[in-house]
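Presented below is the structure to which this report refers.
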Amino acid sequence: MSTLLDFKAHTSSIEHLISSTNPSSILLCGDYNLPLIKWSKSNQGLFASGTMSNTSTHLVDSFSYYNFYQLNQVPNARGCLLDLVFSSFVTPTVQLANTPIVSPDSYHPPLFVSFPFPTPITAQDTHEYRDYKSADYKSMLRYLGSFDWENTFSLYSVDDSAVVFNDALLSSIHKFVPIKVFSPSKFPKWTSTILKNLIITKKKAHAVYKRTKSISDYLVFSEYRAKCKRQSKVDYSAHIRHTEEALSSSPSKFWKFVNNLKQKPPIPSSLHLELHQNKEIAKSENPML
């Protein structure tokens, strides 16, 4: 039987993996051995009822923060759910497997999990750019005005004069338009500034607690973690509301959203396990494979 400390170590490792890798989609399966909990599959989030313990309460609170769903509704022989399937999307489905790979266990029925991968969004790499909004245009004008253009142009043809002026213009851009570095944000697009600051503060508080192992430092970290969870729900709900309003009021945004969903992922959308000539063969639905 796993203890509360085991569950805290587990959720802490999941938190570390998510913050360090920033995955686009998550599927988490395992035997959590919580027979007294009833899980409700809902588009609104993670809901649990029944006889709640400290371990189950901690698990629900932690996974609710990451907007996980519990998708398995296939009970075992005793009518309990021991094997749980958590996902960051509600689209995966869980069914009783018709062709189990090993002999079924009455406590752990074989499951068939269908996980359609969402269309990946190509992340923009870090790159440099000229920040024209922060350019020193007064100095640029003085620099360009320091040339005697009338006498300069009189010495050259029209084409050569254009080259001379272009060189001076590029030189002024090089001198007075600063270069900045663009880096894609590690936070989801719906994260508010308030939540970003809370997450940063929470990570600092967690580092302090890891170093000191003090109860008071843990309480500070726990308080900021709770604030992050509450603010995350507020920000995500606001994002969904604004997205729905934009889709209904702007046809162009709606069709852009639909077209993004139609794009083919780089891997097959689903896999099936079939038995052929006493061999287990994973056959892809993608005819190109």
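Count residues from 1 along the sequence. Side chains are part of it too, since the values below use all heavy atoms of this structure and drop only hydrogens, waters and symmetry mates. Quantities reported herein were computed from a predicted structural model and do not represent experimental measurements.
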Legend entry - Partners meeting side chain to side chain contact (heavy atoms under 4.5 Å, CB included) with Leu36 (sequence neighbours left out):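 Partners of Leu36 under the side chain to side chain contact (heavy atoms under 4.5 Å, CB included) test: Thr51.
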For [X], what residues pass the ring-ring contact (aromatic ring centres under 6.0 Å, His included) criterion, not counting sequence neighbours?
{"X": "Phe7", "value": "none"}
{"X": "Tyr107", "value": "none"}
{"X": "Tyr65", "value": "none"}

Just wondering, do [Y] and [X] contact through their side chains at under 4.5 Å, heavy atoms?
{"X": "Lys229", "Y": "Ser232", "result": "no"}
{"X": "Gln70", "Y": "Val60", "result": "no"}
{"X": "Phe112", "Y": "Asn98", "result": "no"}
{"X": "Leu59", "Y": "Ile37", "result": "no"}
{"X": "Tyr137", "Y": "Tyr132", "result": "yes"}

Inset, instruction - Report the C-alpha distance between Leu27 and Cys29 in whole Å, list the side-chain angles of each, state the deciding distance to 0.1 Å, and finish with yes or no for side chain to side chain contact (heavy atoms under 4.5 Å, CB included). - result: CA-CA 7 Å; Leu27 185 67; Cys29 310; 4.1 Å; yes
Rounded distance (nearest 0.5 Å) linking atom [atom1] of [X] with atom [atom2] of [Y]:
{"X": "Phe115", "Y": "Ile26", "atom1": "CZ", "atom2": "CD1", "answer": "8.5 Å"}
{"X": "Asp6", "Y": "Thr11", "atom1": "CG", "atom2": "OG1", "answer": "10.5 Å"}
{"X": "Leu198", "Y": "Thr191", "atom1": "CG", "atom2": "OG1", "answer": "11.0 Å"}
{"X": "Cys228", "Y": "Ile199", "atom1": "SG", "atom2": "CD1", "answer": "5.5 Å"}
{"X": "Ile194", "Y": "Lys227", "atom1": "CD1", "atom2": "NZ", "answer": "11.5 Å"}
{"X": "Thr3", "Y": "Asn54", "atom1": "OG1", "atom2": "CG", "answer": "11.0 Å"}

Would you indicate whether [X], at its atom [atom1], is surrounded by more than 12 heavy atoms from other residues, nucleotides or ligands within a distance under 6.0 Å?
{"X": "Lys213", "atom1": "NZ", "result": "yes"}
{"X": "Leu155", "atom1": "CG", "result": "yes"}
{"X": "Tyr236", "atom1": "OH", "result": "no"}

Inset, instruction - Given side chain to side chain contact (heavy atoms under 4.5 Å, CB included), test Phe187 with Leu195 step by step and report yes or no. - result: CA-CA 10 Å; Phe187 296 98; Leu195 180 56; over 6 Å; no
Are [X] and [Y] in one and the same hydrophobic cluster, where Ile, Leu, Val, Met, Phe, Trp and Tyr link if side-chain heavy atoms are under 4.5 Å apart?
{"X": "Phe147", "Y": "Phe153", "answer": "yes"}
{"X": "Leu28", "Y": "Ile18", "answer": "yes"}
{"X": "Leu82", "Y": "Leu111", "answer": "no"}
{"X": "Leu84", "Y": "Phe68", "answer": "yes"}

side-chain hydrogen bond (donor to acceptor under 3.5 Å, both in side chains) partners of [range], not counting sequence neighbours, each pair once:
{"range": "residues 145-156", "value": "Asp148-Asn151"}
{"range": "residues 80-97", "value": "Asp83-His108"}
{"range": "residues 203-212", "value": "Thr212-Asp217"}

Please report the shortest heavy-atom distance between [X] and [Y], naming the atom on each side.
{"X": "His16", "Y": "Ser20", "answer": "O-OG, 2.7 Å"}
{"X": "Ser53", "Y": "Thr55", "answer": "OG-OG1, 2.8 Å"}
{"X": "Val74", "Y": "Leu81", "answer": "O-CD2, 3.1 Å"}
{"X": "Pro104", "Y": "Pro110", "answer": "CB-CD, 3.9 Å"}
{"X": "Ala97", "Y": "Pro100", "answer": "O-CD, 4.2 Å"}

Without placing hydrogens or testing angles, list every side-chain donor-acceptor pair under 3.5 Å for residues 164-176, not counting sequence neighbours.
from   : atom 1 : to     : atom 2 : distance (Å)
Ser171 : OG     : Tyr143 : OH     : 3.0
Ser172 : OG     : Leu169 : O      : 2.6
His174 : ND1    : Arg130 : NH2    : 3.4

Inset, instruction - Carefully, step by step, assess Trp39 and Asn72 under the rule side chain to side chain contact (heavy atoms under 4.5 Å, CB included). - result: CA-CA 8 Å; Trp39 302 89; Asn72 183 25; over 6 Å; no
Would you please name every residue forming a side chain to side chain donor-acceptor pair (under 3.5 Å) with [X], sequence neighbours left out?
{"X": "Ser134", "answer": "Asp131"}
{"X": "Lys202", "answer": "Glu15"}
{"X": "Asn197", "answer": "none"}
{"X": "Ser216", "answer": "Ser214"}

Inset, instruction - Answer yes or no: is there a donor N or O on one side and an acceptor on the other, between the side chain of Ser56 and the main chain of Met52, under 3.5 Å? - result: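 No, Ser56 side chain to Met52 backbone: no donor-acceptor pair under 3.5 Å.
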Legend entry - Worked check of side chain to side chain contact (heavy atoms under 4.5 Å, CB included) between Arg225 and Asp61: CA-CA 10 Å; Arg225 182 173 58 183; Asp61 290 343; over 6 Å; no
Inset, instruction - Please state whether the rings of Phe63 and Tyr32 are parallel, tilted or perpendicular, taking 30° and 60° as the class boundaries. - result: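 Perpendicular, since the angle between the ring planes exceeds 60°.
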